[in-house]
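A quick note: this is a predicted structure, and the numbers were derived from the prediction, not measured. Position 1 is the first residue of the sequence; numbering continues from there.
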Amino acid sequence: MRSAYDIIIRPIITEQSMEQTDLKKYAFEVARDAGKIEIKRAVEEVFGVKVAKVNTLHVKGKEKRQGRHPAGKTAAWKKAVVRLTDDSKTIEFFEGMV
């Protein structure tokens, strides 16, 4: 069995994701083979919050070139947007970012 830290790879800190923290929505990069239930349990375990809903999407890799060399690709990854319940506390990691 994988630990919660194997499922949650990193938080996604962008302008759009920071605007959603008011709605108690937080974005994470997660393991590509992780399901919604695994992601929910991992976030609840790591941050000590209650998760109401998990939305996931696959982000495709983009084609990149450097000079005259043939095109390569950036890695594809999986993104999860987690919404917390109304009575849950906020995730403190994101508090200083806004």
Side-chain angles (χ1 to χ4, degrees):
M1 181 158 165
R2 296 186 296 182
S3 73
Y5 295 98
D6 293 333
I7 295 171
I8 299 173
I9 297 173
R10 67 181 179 95
I12 298 173
I13 300 171
T14 60
E15 187 174 345
Q16 183 180 7
S17 68
M18 290 296 105
E19 288 175 1
Q20 293 182 347
T21 56
D22 297 337
L23 304 172
K24 291 194 174 184
K25 287 186 179 181
Y26 301 95
F28 297 96
E29 179 182 345
V30 295
R32 290 190 69 189
D33 58 344
K36 290 183 179 186
I37 296 171
E38 288 178 314
I39 295 167
K40 177 181 176 177
R41 289 182 186 150
V43 170
E44 287 176 347
E45 180 183 330
V46 171
F47 298 106
V49 294
K50 288 187 179 184
V51 175
K53 190 173 185 177
V54 177
N55 294 326
T56 60
L57 61 127
H58 290 278
V59 180
K60 294 181 181 179
K62 296 179 182 178
E63 257 190 35
K64 295 288 182 177
R65 258 187 43 171
Q66 291 189 352
R68 65 181 189 91
H69 299 287
K73 257 190 154 178
T74 60
W77 50 285
K78 189 172 187 178
K79 177 180 180 178
V81 178
V82 177
R83 194 180 89 213
L84 306 181
T85 59
D86 292 333
D87 60 337
S88 178
K89 65 176 186 168
T90 59
I91 296 178
E92 296 160 3
F93 179 81
F94 291 91
E95 288 302 311
M97 306 287 179
V98 179

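Under a cut-off of 6.0 angstrom, the local environment of CG in Asp87 is crowded, with over 12 non-hydrogen atoms contributed by other residues, nucleotides or ligands.
For the atom pair NZ of Lys25 and CZ of Arg83, the computed distance is 6.5 Å after rounding to the nearest 0.5 Å. A distance of 5.5 Å separates CZ of Phe47 from CD1 of Ile8, quoted to the nearest 0.5 Å.
Distance alone, capped at 3.5 Å, places no donor-acceptor pair between the Thr85 side chain and the Ala52 backbone. With hydrogens and angles disregarded, no donor-acceptor distance shorter than 3.5 Å links the side chain of Thr21 to the backbone of Lys24.
If you chain together ILVMFWY residues whose side-chain heavy atoms come under 4.5 Å of each other, Ile12 ends up grouped with Leu57, Val59, Trp77.
Asn55 is linked by a side chain to side chain donor-acceptor pair (under 3.5 Å) to nothing, counting only residues two or more places apart in sequence or in another chain.
Residues Tyr26 and Leu23 do not share a hydrophobic cluster, clusters being chains of Ile/Leu/Val/Met/Phe/Trp/Tyr side chains in contact below 4.5 Å. Tyr5 and Ile7 fall within a single hydrophobic cluster, where Ile, Leu, Val, Met, Phe, Trp and Tyr are joined by side-chain heavy atoms under 4.5 Å apart, directly or via other members.
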Residues Ile91, Leu84; criterion side-chain contact (heavy atoms from CB on, under 4.5 Å); working and verdict
CA-CA 9 Å; Ile91 296 178; Leu84 306 181; 4.2 Å; yes
Please assess Val81 against Gln20 for the test side-chain contact (heavy atoms from CB on, under 4.5 Å), listing each intermediate value before the final yes or no.
CA-CA 10 Å; Val81 178; Gln20 293 182 347; 4.2 Å; yes
Only pairs under 3.5 Å count here: list side-chain donor-acceptor contacts from residues 34-45, not counting sequence neighbours, and write none if there are none.
{"from": "Glu38", "atom 1": "OE1", "to": "Arg2", "atom 2": "NH2", "distance (Å)": "3.4"}
{"from": "Glu38", "atom 1": "OE1", "to": "Gly35", "atom 2": "N", "distance (Å)": "3.0"}
{"from": "Glu44", "atom 1": "OE2", "to": "Val51", "atom 2": "N", "distance (Å)": "3.2"}

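Residues Lys89 and Val49 have side chains in contact (heavy-atom distance under 4.5 Å, counting atoms from C-beta outward).
Residues Glu63 and Ala71 approach most closely at OE1-CB, 3.9 Å, considering heavy atoms. Closest of all the heavy-atom pairs between Lys79 and Ala27 is CE-CB, 4.3 Å. What you find for Val82 and Val54 is that their closest heavy atoms are CG2-CG2, 4.5 Å.
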